[in-house]
Amino acid sequence: ELLELSQAQDAILSFDLELPLLPFQRAGVKYALETRRVLLADSMGLGKTCQGIALALDTKLRNGKTLVVVPPHLRLQWIKECRRFAPKLMVATVTGRKPYALPKHDVLVVGDSVINSWATKLEGKFDTLIVDEAHSVKNEKAGRTKGVRYIANSIPSDGIIALMSGTMTPNRPSELLSPLKIIGRLNNVFGSRKEFLVKYCDYQILPSGFPNRNGASNTTELNTLLRGTCMVRRRKEDVLKDLPLKRRAQIDVELQEAEMSVYRTAERDFLKWVLETYGKDAHERAGKAEVITRMNKLREILGIAKVRTVVEHINSLLSEGEQVVVFGYHRKVLNALRDGLQEHGVVMVAGGSTPEAKQRYVEMFNNKQAKVFIGQYESAGSGLNLTSASHVVLAEMPYSPSTGQQAEDRCHRIGQVNPVVAWWITAVDTDNHTIDMRLWDLLNMKAEVTSAIMDGWAENLNADAGTMTAQLLKDMLNDYK
């Protein structure tokens, strides 16, 4: 019954929101109300927030209270959306790491960066727990995960725990362990943590003696079992036939000789250091902080080298009267892009941007007071609605397919009336693969694994048998002479 409901196009509810739910959203809410513990994993842009608000409204109708845990930059948006979709809900928030008396509320919105500090204060006070962008609790040792899990354990059995994310497993099945544990479905559905790892993560002991839990196996079976017990997921093409199609275009750019020379020198120095420091099996040490730091520095160098061509591409889009959303990773790259596009009117959301500033910049962009929106993947890749634009440029390669898809879906979501084109800018070299070219191949492999878990079959970006850094480093070392 739950398996059928997880794929239902509509359902009957005894209540609705001020702005009525779409048919498939009603089905999602019905699934959550039936199972009480749910991974709401609809694709990005399908309105998971309003489904969460519907669960909060149902909780109020049962004289209960709801706690919503969100990334800090989405706190204000959740309050705004609650008032828009369910004005009868009394919505409040708390901030800071030092707990104080709770304000009156039906719904309390708390940033996930401080939830661990508030966990004891909030324990036992709620009937429903909603966690937005729940892929952030995949790390069982993280403070936010511990805080969420502590509170989840106090939700009554007839209450609701809903973890919401369109990218619940950004890279591999093992990332489901923490979410399943939070909603109480790991042991009673899959037997145990070890059984889950063996059956669905291709668990094995490596020659080095260390366990590998980063693989994927029996993904179709996993998808069916999740849908039949605790997960509802619909994709845009399944339920929103009138949403304009999204087209992904990979743009290969050749760097100038001087630009490529700078990058290649940095790459050789990096690989030489890796081999001298860790030897031929260096990729097994890819998790070391210094390796990651130096790898990111190499990516930054290539990102800066691409700025000139990225700006040229964006200028060509702007010349046709388009607005453009641009995403990158490194602050130096973002600043260089801003400087190169300043004459067109630019707003930028990056690390350090306050929730108020983010909201203001989004409104400026959507009101066409700025032609270019520059966002950092971590700070602007989720929760923001930028549907006034239909062109998204990924100036730097992300580290996971879900990060890229999140960025694309700032424009490709409900409210969009034009076809969306996502431009992935890839620095290429005919003599030897660049880090961009290697990342593109790895991202496609990871997308196939993720899609098989969440959707029941594999499709690539048109993307783990290890961390992205390890795979990338191994590939680079194999070609190093």
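Start at 1 with the first residue, then count along the sequence.
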Task: Results of side chain to side chain donor-acceptor pair (under 3.5 Å) for Arg360 - residues two or more places apart only - done: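 For Arg360 there are no side chain to side chain donor-acceptor pair (under 3.5 Å) partners, ignoring immediate neighbours.
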
Open item on the list: Can you list everything that forms a side chain to side chain donor-acceptor pair (under 3.5 Å) with Thr387? Sequence neighbours excluded, please.
Closed with: Asn385

TODO: Report the C-alpha separation of Val38 and Leu163 in whole Å, then their side-chain angles, then the decisive distance to 0.1 Å, and conclude whether the side chain to side chain contact (heavy atoms under 4.5 Å, CB included) test is met.
DONE: CA-CA 6 Å; Val38 63; Leu163 305 191; over 6 Å; no

Open item on the list: Test of understanding: with side chain to side chain contact (heavy atoms under 4.5 Å, CB included), list the residues that count as partners of Leu102, not counting sequence neighbours.
Closed with: Val94, His105, Leu108, Trp118, Lys121, Leu122, Lys125

With a cut-off of 3.5 Å and sequence neighbours excluded, list every side-chain donor-acceptor pair involving residues 182-196.
from	atom 1	to	atom 2	distance (Å)
Arg185	NH2	Thr35	O	3.4
Asn188	ND2	Gly184	O	3.2
Ser192	OG	Glu195	N	3.1
Ser192	OG	Glu195	OE2	3.4
Arg193	NH1	Glu140	OE1	3.2
Arg193	NH1	Glu140	OE2	2.7
Arg193	NH2	Glu140	OE2	3.0

Salt-bridge test for [X] and [Y]: reply yes if a basic N is under 4.0 Å from a carboxylate O, no otherwise.
X: Lys65; Y: Asp127; value: no
X: Asp42; Y: Lys48; value: no
X: Arg248; Y: Glu408; value: yes

Open item on the list: Checking side-chain polar atoms at under 3.5 Å, does Glu123 have a donor or acceptor matched by the opposite partner on Tyr150?
Closed with: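 Indeed, the side chains of Glu123 and Tyr150 share at least one donor-acceptor pair under 3.5 Å.
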
TODO: Compute whether any side-chain donor of one residue and acceptor of the other, for Tyr200 and Glu221, lie under 3.5 angstrom apart.
DONE: yes

Task: Validation row: Gln323, His391 side chains within 4.5 angstrom (heavy atoms) - done: no

Task: Test item: Lys358 and Ser353 side chains (from C-beta on) under 4.5 Å apart, heavy atoms - done: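 Yes, at least one pair of side-chain atoms sits under 4.5 Å.
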
- [ ] Start with the C-alpha gap between Lys199 and Ser217, add the side-chain angles, then the distance that decides, and say whether side chain to side chain contact (heavy atoms under 4.5 Å, CB included) holds.
- [x] CA-CA 7 Å; Lys199 193 162 190 178; Ser217 51; 5.9 Å; no

Task: Any residue meeting salt bridge (charged side-chain N to carboxylate O under 4.0 Å, His left out) with Asp202, in chain and number order, not counting sequence neighbours - done: none

Open item on the list: Which residues pass the salt bridge (charged side-chain N to carboxylate O under 4.0 Å, His left out) test with Asp10, not counting sequence neighbours?
Closed with: Arg26

- [ ] Before giving the answer on side chain to side chain contact (heavy atoms under 4.5 Å, CB included), spell out for Val325 and Phe327 the whole-Å C-alpha distance, their side-chain angles and the decisive distance to 0.1 Å.
- [x] CA-CA 7 Å; Val325 175; Phe327 275 92; 3.5 Å; yes

Task: Whether over 12 other heavy atoms sit under 6.0 Å from Glu4 CD - done: no

